[in-house]
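What follows is a single structure, written as structure tokens, with notes after it.
Position 1 is the first residue of the sequence; numbering continues from there.
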Amino acid sequence: MGAHADSNKRIWIVLGILSLITAVEVGLGIVKPAALHLHGPGTSWLNWIFIILTLAKAYYIAWAFMHLEGEKKWFRRSVVWTAVFLISYLLFIVLIEGGYLYDTLAPLVKW
């Protein structure tokens with residue numbers, strides 16, 4: 001009975017944390033604070049907050065549902081750092097290419 005209660009408690013904690021992060025993302029998406037529309041490195045600060053919260057959520061999902069917390073340290077690091085590198089690279093490419101396309105096509109397209 002003890003292991004079952006621990007599992008239920010863990011599921012509710014994971015649900016609470018993921019729901020909280022999602023609620024913050026949705027709240028920021030609805031409100032869109034004007035102070036966060038200032039241009040940050042590559043994009044607005046609001047977009048950076050969304051990127052960071054999404055990565056945190058993805059990491060926590062992998063940690064909880066893929067049971068990474070029970071794995072050896074080197075395996076956890078290899079999974080996490082590979083994902084961090086690939087996602088960072090994708091973000092870099094999307095932001096650089098998106099900025100280039102916006103600058104190039106701005107005279108031709110009505111945004």
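When side chains are defined from C-beta on, L36 does not count as touching W48, because their heavy atoms never get closer than 4.5 Å. Between D103 and Y100, the closest side-chain pair of non-hydrogen atoms is not below 4.5 Å.
Both V24 and W45 are assigned to one and the same hydrophobic cluster, defined by single-linkage of ILVMFWY side chains at heavy-atom distances under 4.5 Å. Residues V80 and W74 share a hydrophobic cluster, clusters being chains of Ile/Leu/Val/Met/Phe/Trp/Tyr side chains in contact below 4.5 Å. Hydrophobic clustering of Ile, Leu, Val, Met, Phe, Trp and Tyr side chains at less than 4.5 Å, counting indirect connections, unites Y89 with I96. Cluster annotation: Y59 is connected to W81 through the hydrophobic network of ILVMFWY side chains, with a link wherever side-chain heavy atoms come within less than 4.5 Å.
Here Y60 pairs with nothing under the ring pair (Phe, Tyr, Trp, His ring centres under 6.0 Å) rule; sequence neighbours left out. The side-chain contact (heavy atoms from CB on, under 4.5 Å) check on I11 picks up nothing, with sequence neighbours excluded.
In this structure, the separation between CG on L91 and CD1 on I51 is 4.5 Å, given to the nearest 0.5 Å. Note that CZ of F50 and OG of S44 are 8.5 Å apart. Values are rounded to the nearest 0.5 Å. Note that CD of E25 is 4.0 Å distant from OG1 of T54, once rounded to the nearest 0.5 Å. A distance of 14.0 Å separates CD1 of I52 from NZ of K57, quoted to the nearest 0.5 Å. Once rounded to the nearest 0.5 Å, the distance linking CD1 of I17 with CD1 of I61 reads 11.5 Å. Interatomic distance, W63 CH2 to E71 CD, rounded to the nearest 0.5 Å: 10.0 Å.
Across all their heavy atoms, F65 and L18 have their closest contact at CE1-CD1, 4.0 Å. Here the closest non-hydrogen pair linking E69 and R76 is O-NH1, 3.6 Å. Nearest heavy atom pair, residue L53 against residue I21, reads O-CG2, 3.8 Å. For the residue pair T82 and S78, the shortest heavy atom distance occurs at OG1-O, 2.6 Å.
Taking a 6.0 Å sphere around CZ of R10, one finds it holds more than 12 heavy atoms contributed by other residues, nucleotides or ligands.
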